[in-house]
Amino acid sequence: MKRNIKYGLMAKGCKVPLGYFLNGFFYDRAANHGAAQGFVDEQGFFYISTNGYYHRSGRPTAKIEGLTYIRLADVAEFDLVMFDA
């Protein structure tokens, strides 16, 4: 993921992103408090934050390959769409 580019997380058939990635952090569209809900490491693995803490030692919940977000639990794929930040 490039720095200072906002990537919207899009489910198939949806026109509004579920959330977005910016500078390696994920912001949930439903969370209005503005705190990041997760982060992406250098290898493209996504980790969810718990109570504001980022656990690299925990299990990743997704993998990002190119512009595809792949949920590891069920291998569901979502598109990442670039927006101006």
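Counting begins at 1 with the first residue of the sequence. Note: hydrogens, waters and symmetry copies are ignored here, and every other heavy atom, side chains too, is used.
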*Under the side-chain contact (heavy atoms from CB on, under 4.5 Å) rule, collect the residues that match up with Lys2, sequence neighbours excluded.*
Ile5, Tyr7
*Results of side-chain contact (heavy atoms from CB on, under 4.5 Å) for Tyr20 - residues two or more places apart only*: Lys6, Leu22, Tyr27
*Which heavy atom in Gly8 sits nearest to a heavy atom in Pro17, and how many Å separate them?*
CA-CB, 4.0 Å
*asked:* Minimum heavy-atom separation for Ala36 and Ser49, please, with both atom names.
replied: O-OG, 3.3 Å
Working to the nearest 0.5 angstrom, can you tell me the gap between [X] [atom1] and [Y] [atom2]?
X	Y	atom1	atom2	answer
Phe45	Thr61	CZ	OG1	11.0 Å
Lys12	Phe78	NZ	CZ	10.0 Å
Leu67	Met1	CG	CE	8.0 Å
Met10	Leu18	CE	CG	7.5 Å
Ile48	Arg59	CD1	CZ	13.5 Å

*Taking a hydrophobic cluster as the set of Ile, Leu, Val, Met, Phe, Trp and Tyr residues connected by side-chain heavy atoms closer than 4.5 Å, whether directly or through intermediates, do Leu72 and Tyr47 fall within one such cluster?*
no
_Using modelled atom types and a 3.5 Å cut-off, is there a donor and acceptor pairing between side-chain atoms of Asp74 and backbone atoms of Ala76?_
yes
*Side-chain contact, heavy-atom cut-off 4.5 Å: Asn23 with Asn4?*
yes
_Residues clustering with Val75 (ILVMFWY side chains joined when closer than 4.5 Å, directly or via others)_ = Ile70
*All ring pair (Phe, Tyr, Trp, His ring centres under 6.0 Å) counterparts of Phe26, not counting sequence neighbours*: Phe21, Phe46
